[in-house]
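Structure first, then comments.
Chain naming here is simple, since letters A, B, ... match the order of the sequence lines and numbering starts at 1 in each.
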Number of protein chains: 2
Amino acid sequence: MSDRLIYLPLGGSGEIGMNAYVYGFGPVDNERLILVDIGVAFSDMETSPGVDLIFADIRWLEENKHRLEAVFITHGHEDHIGAVGHYWDRLGVPVYARAFTANLARHKMADRGQPEEMIRTVSAWPETTDAGPFKVGFLPISHSIPESAALVIDTPAGRVIHSGDFKLDETPLVGEAFDPELWAEVSKDGVQALICDSTNVFSPHAGRSEASVGPEIEKLVSQASSMVVATTFASNVARVKTLAQAGERAGRSICLMGRAMRRMIEAAMQTGVLSDFPKVVSPEEAASIPRENLMLLVTGSQGERRAASAQLARGKYNGITLKEGDLFLFSSKTIPGNEKGVFRIINQFSEMGVDVVDDSTGKYHVSGHANRPDLLRLHEIVNPKMVVPNHGEHRHLREHAKLANEAGRASIVAVNGTMLDLSGEQPSIAGYVETGRTYLDGNTQIGAMDGIIRDRIRMALNGHVIVTVLLDEDDEPLGDAWCELMGLLEIGRSQAPLVDVLEADVTQFLGRAKEKTLSNDDKIEGDIRRIVRNSARDEIGKKPEVTVIVSRLS
Amino acid sequence: MSDRLIYLPLGGSGEIGMNAYVYGFGPVDNERLILVDIGVAFSDMETSPGVDLIFADIRWLEENKHRLEAVFITHGHEDHIGAVGHYWDRLGVPVYARAFTANLARHKMADRGQPEEMIRTVSAWPETTDAGPFKVGFLPISHSIPESAALVIDTPAGRVIHSGDFKLDETPLVGEAFDPELWAEVSKDGVQALICDSTNVFSPHAGRSEASVGPEIEKLVSQASSMVVATTFASNVARVKTLAQAGERAGRSICLMGRAMRRMIEAAMQTGVLSDFPKVVSPEEAASIPRENLMLLVTGSQGERRAASAQLARGKYNGITLKEGDLFLFSSKTIPGNEKGVFRIINQFSEMGVDVVDDSTGKYHVSGHANRPDLLRLHEIVNPKMVVPNHGEHRHLREHAKLANEAGRASIVAVNGTMLDLSGEQPSIAGYVETGRTYLDGNTQIGAMDGIIRDRIRMALNGHVIVTVLLDEDDEPLGDAWCELMGLLEIGRSQAPLVDVLEADVTQFLGRAKEKTLSNDDKIEGDIRRIVRNSARDEIGKKPEVTVIVSRLS
């Protein structure tokens, strides 16, 4: 049987977040593998309460790690790099990235006690790295973080280009401009497949350059009369620089707040991608600077509860309190799903009299992703045999595949777990692999389908009743049953305390129960659960979760 | 002391939802009162898990119900009418509304076993209703539901106009057009205060008419080749009519799905506000009609899990399954905060191959609220002494007050619980009343601050450990402690089951505990809670909620 080239998204296709893409080349089911990106997604109260981070489920890859050659990371955003420290020990192979990304990755390894030296710094194309049958180069492309790269993956079955997150920006301010000649040169001998970012496929107009927001930001900052605070998406280095320079020109001292912000700027300076950045002052120094001479650049554009913007919205943070007449700029777009958190902050600022400026005018933010016409333009430059959309929810992937099809290119929707064979003239489905989500909860990893989170959601929706029953050596009830309620109303329809009603009903059941029932814990539990649920429904109109504890003297 | 005119929002100011506004006239603290609107808000997992509906807290009004003359309802949307059946018995006064709104209100009263005859139908201005010192007229204004009305509230201190929800639509298709001459006539002798909808104060361009979407919808429907399904915001009667007529012209049978949709159309027909509506078929009949000849009009534009659109997205509903090539139209805008639910549905449809069209082009939906220039236009027509913004979050109220101030009018931000004196030349704060939210949970009402929901959220975030300890007559432990876990990982850092680790730690504590501790339930509980939380933190990195049950043989 001949060799084949496969592609297998484990995360990031069918959702936005936790990117993890496997490529393989070799004999069927014995391909040598590489992994591209290893990111996280963020939890929410509705689907994953209490969860700290979400990773792609990489069990398939772990089971096949003897076939894994290396990990390549396209850029330093959390949804591409965030799991490297958590997952590295399950994979154990070298991780390749460009200098800025590698700097961020090493800190993530150190944070989790993993060996930093396994992060290997590579230079941009035309340098390449050998990994089994693969030769991988980092082809610069513009995005909202420095040193983003597409991967040029050469295999015996041809060249694959994995776009990574990108936009077509010829004046990105920080990092390399999109270079259409270089991309055309790389693609000129034929590209087997383009695996391509789908995030903005529904945005109909060509994207705008990072350079376009500078003059507007400068105007806004120069007109402000009191303190100016600004936040960006993921501490976007180019935007932070634009903001800081606008502040400096307006005679303001710049103060960076929030761990991620400081880390990002530090990494950019250490690796030389950021220069001409104004001198910054510490929060302690900032507290003594007149507010009209101060600008804070802070984390938290998405309303994250622990980030600097949310803390400033709740009151004093690092010795600084915002007040009437201050200006807060969201130089960012709210990601769908985060609206409530962002509006909560805006309303808190509104109560303080702080003037909030957001992206609604389109003046103070541009997206980091390629819009529909930009996607088409990249398809044309690369001119691949096939386009495989990734980095998107199902609706994005489907629309992107349609777009490619309409231009006469082969395409397919492949969600997480779908293994494609890219060897031929068009992509074909080679199989399915079990995948899903892994939750970081406290400091342990749990499967999304283990039922643990489902139990939490049920307790949150329905409340929790705990019933304790004590039986003696002869299976006779000792005293009355005992109920505890958590998250439930104390008084129900009958105006008696709910706990009393439930205890009476369970005690009555125990008094009537036969020896056959009382000798059987499962039977007791099942019967009591049913009694409590029905009784609660009558009293308060809802059926709680019930835990029954049978204690036996023995 | 002289009489005064007061205004007191109990709900709807500082949030969007659960509208409830009190007006009063008379001697200080002994004013006679009326209530305008009595609506609901909707729960979410983040702040109110398991809650069925949210109402304004009306305890202040209930304590003063001997001073309450009547309730007036401006229009039939849930956030204005939804609590009438739940709250009527706590108020006990007549409820006035126009015919269509009254039809909806009577069903809500019947649903809760309340007397339908307390809903009194009134005609539009110039008819007025006396209520103590007030004379109240329903002045027609356009909105996204028939028979919306502003209230003209005449008092000895002058005329107040309460806008209700509105837009300035001169071609609304169903219901009365906005009539600037009538409004000017009503306002010509001077208006003391305009209490005014703030929802769209951030929308910079004048609003578009309901009539503008018809041609686009007609074009879309006529080009569809398979089944067409459409949903609107709150079963918007005019939009449903436009959609149904487009469907009929394209040779399609119309089927209404979802209880709220059928109720809304039924009420509109019964009260004569809707005519020329195509004949509809039942879901049973629909199932046997070829899909290219069928159009479904369904509930669920906001992604509500139980509504028809979500059920269709999950699979078969009323015998109908969508499939490749069908068209689903969101003739609606997603309310901030509902994005995740709506995108969940869109992705499910995408997986089925259904083509989804939403509002992103702006062609298939117009808002029901007045935009910024429309607000200014109404201010100018009414020309009140003062503008009091309502129906909005703090950011909307503040922006609306600024807008009025900039045009030289007195204004003020008054959030829920702020009592204003409207008697003078400008609004002044007369005091504060305790208010907040009341939750309908199952069939009981609970206070938002009672701690019940807080406990549910904590269980969802942290999991729940239940510890049972059994003590004999001499306060000696009988056997080992017993732990149950809910929503927590089973195996922690030490690789032993977490439940074993916790039980061992608690048992060890019991073995060492002094008589002084063991005789005191509170002390035992406190100590065990601390031990369990610390032990869990060491094992799994998080501190769970802990319930301790001390059983004593006695």
Side-chain angles (χ1 to χ4, degrees), chain A residues 14 44-46 49-50 202 204 336-337 339-340 343 346-351 353 356 360-361 393-395 397-398 441-444 446 450 452-453 455-457 459-464 466 468 470 478-479 482 484 486-493 537 540-542 545 547 549 551 553-554, chain B residues 14 44-46 49-50 202 204 336-337 339-340 343 346-351 353 356 360-361 393-395 397-398 441-444 446 450 452-453 455-457 459-464 466 468 470 478-479 482 484 486-493 537 540-542 545 547 549 551 553-554:
Chain A
D44 61 47
M45 189 70 187
E46 200 166 335
F202 289 108
E339 287 79 2
K340 281 199 183 179
F343 284 132
I346 294 180
N347 282 314
Q348 287 166 325
F349 284 140
S350 180
E351 288 172 31
V356 176
S360 53
T361 61
E393 299 168 9
H394 196 283
R395 63 196 176 99
L397 306 182
R398 181 163 178 260
D441 188 61
N443 54 26
T444 57
I446 61 182
D450 290 359
I452 292 167
I453 302 302
D455 282 349
R456 285 192 203 159
I457 292 171
M459 287 191 290
L461 293 175
N462 307 322
H464 192 192
I466 304 99
T468 308
L470 186 55
L478 259 171
W482 188 319
E484 292 272 338
M486 185 95 161
L488 288 163
L489 190 70
E490 282 164 29
I491 307 279
R493 199 174 56 131
R537 188 202 52 211
I540 58 169
K542 65 193 294 167
E545 297 306 296
T547 297
I549 300 171
S551 292
L553 292 186
S554 54
Chain B
D44 59 48
M45 189 68 187
E46 201 167 333
F202 289 107
E339 287 80 1
K340 280 198 182 179
F343 283 131
I346 294 180
N347 282 313
Q348 286 166 328
F349 284 139
S350 180
E351 287 171 31
V356 176
S360 53
T361 61
E393 299 168 9
H394 195 283
R395 62 195 177 100
L397 305 183
R398 181 162 176 259
D441 187 59
N443 55 25
T444 55
I446 61 182
D450 290 358
I452 293 167
I453 301 303
D455 282 349
R456 285 193 204 158
I457 292 172
M459 288 191 290
L461 293 174
N462 307 322
H464 192 192
I466 305 98
T468 308
L470 186 56
L478 259 172
W482 189 319
E484 292 272 338
M486 185 94 161
L488 288 163
L489 191 69
E490 282 165 27
I491 308 279
R493 201 173 56 132
R537 187 201 54 211
I540 59 171
K542 66 191 298 169
E545 296 306 296
T547 298
I549 301 172
S551 293
L553 291 189
S554 54

Item checked: Part of E351(A) lying under 4.5 Å from any heavy atom of chain B -> both
Check: Do I466(B) and T468(A) come close enough that some side-chain heavy atom pair is under 4.5 Å?
Finding: no
Margin query: Test your reading of the model: is there a side-chain donor-acceptor pair from K542(A) to the backbone of G50(B), 3.5 Å cut-off?
Written below: yes
Notebook entry, point to check: With chain B, which of E490(A), M486(A), E545(A) has the greatest number of heavy-atom pairs at distances under 4.5 Å?
Noted result: M486(A)
Checklist line | Heavy-atom pair of closest approach, residues N347(B) and R395(A) | finding: OD1-N, 2.8 Å
Next item on the list: Please determine, among G487(A), S350(A), P204(A), P49(A), the option with the most heavy-atom pairs under 4.5 Å with chain B.
Entry: S350(A)
Checklist line | Region of L478(A) in contact with chain B, defined by heavy-atom distances below 4.5 Å | finding: side chain
Next item on the list: Please test I457(B) against M45(A) for side chain to side chain contact (heavy atoms under 4.5 Å, CB included), starting from the C-alpha separation and ending with a verdict.
Entry: CA-CA 9 Å; I457(B) 292 172; M45(A) 189 70 187; 3.9 Å; yes
Check: Is it the backbone or the side chain of I453(A) that comes under 4.5 Å from a heavy atom of chain B, or both, or neither?
Finding: neither
Check: Nearest heavy-atom pair of G337(A) and E339(B): which atoms, and what distance?
Finding: N-CB, 3.9 Å
Next item on the list: Report the option among E484(B), K340(B), E46(B), M459(B) that has the most heavy-atom pairs separated by less than 4.5 Å from atoms of chain A.
Entry: M459(B)
Notebook entry, point to check: What's the verdict on side chain to side chain contact (heavy atoms under 4.5 Å, CB included) for L553(B) and L470(A), showing C-alpha distance, side-chain angles and the deciding distance?
Noted result: CA-CA 10 Å; L553(B) 291 189; L470(A) 186 55; 3.6 Å; yes
Check: So do D455(B) and H464(A) actually touch side chain to side chain, heavy atoms under 4.5 Å?
Finding: no
Next item on the list: Sort Q348(A) into side chain, backbone, both or neither according to what part of it lies under 4.5 angstrom from a heavy atom of chain B.
Entry: neither
Notebook entry, point to check: Closest heavy-atom contact between L461(A) and R456(B)?
Noted result: O-NH1, 3.9 Å
Next item on the list: Flag the one option from N462(A), I346(A), D441(A) with the top tally of heavy-atom pairs under 4.5 Å to chain B.
Entry: D441(A)
Notebook entry, point to check: Shortest non-hydrogen contact from F343(B) to P336(A)?
Noted result: CE1-CB, 3.6 Å
Notebook entry, point to check: Given a strict heavy-atom distance threshold of 4.5 Å, which part of S360(A) is in contact with chain B: side chain, backbone, both, or neither?
Noted result: neither
Margin query: If you compare all heavy atoms of R398(A) against all heavy atoms of G353(B), which two are closest, and at what distance to 0.1 Å?
Written below: NH2-O, 2.8 Å
Checklist line | Straight-line distance of I491(B) CD1 to T444(A) OG1, nearest 0.5 Å | finding: 11.0 Å
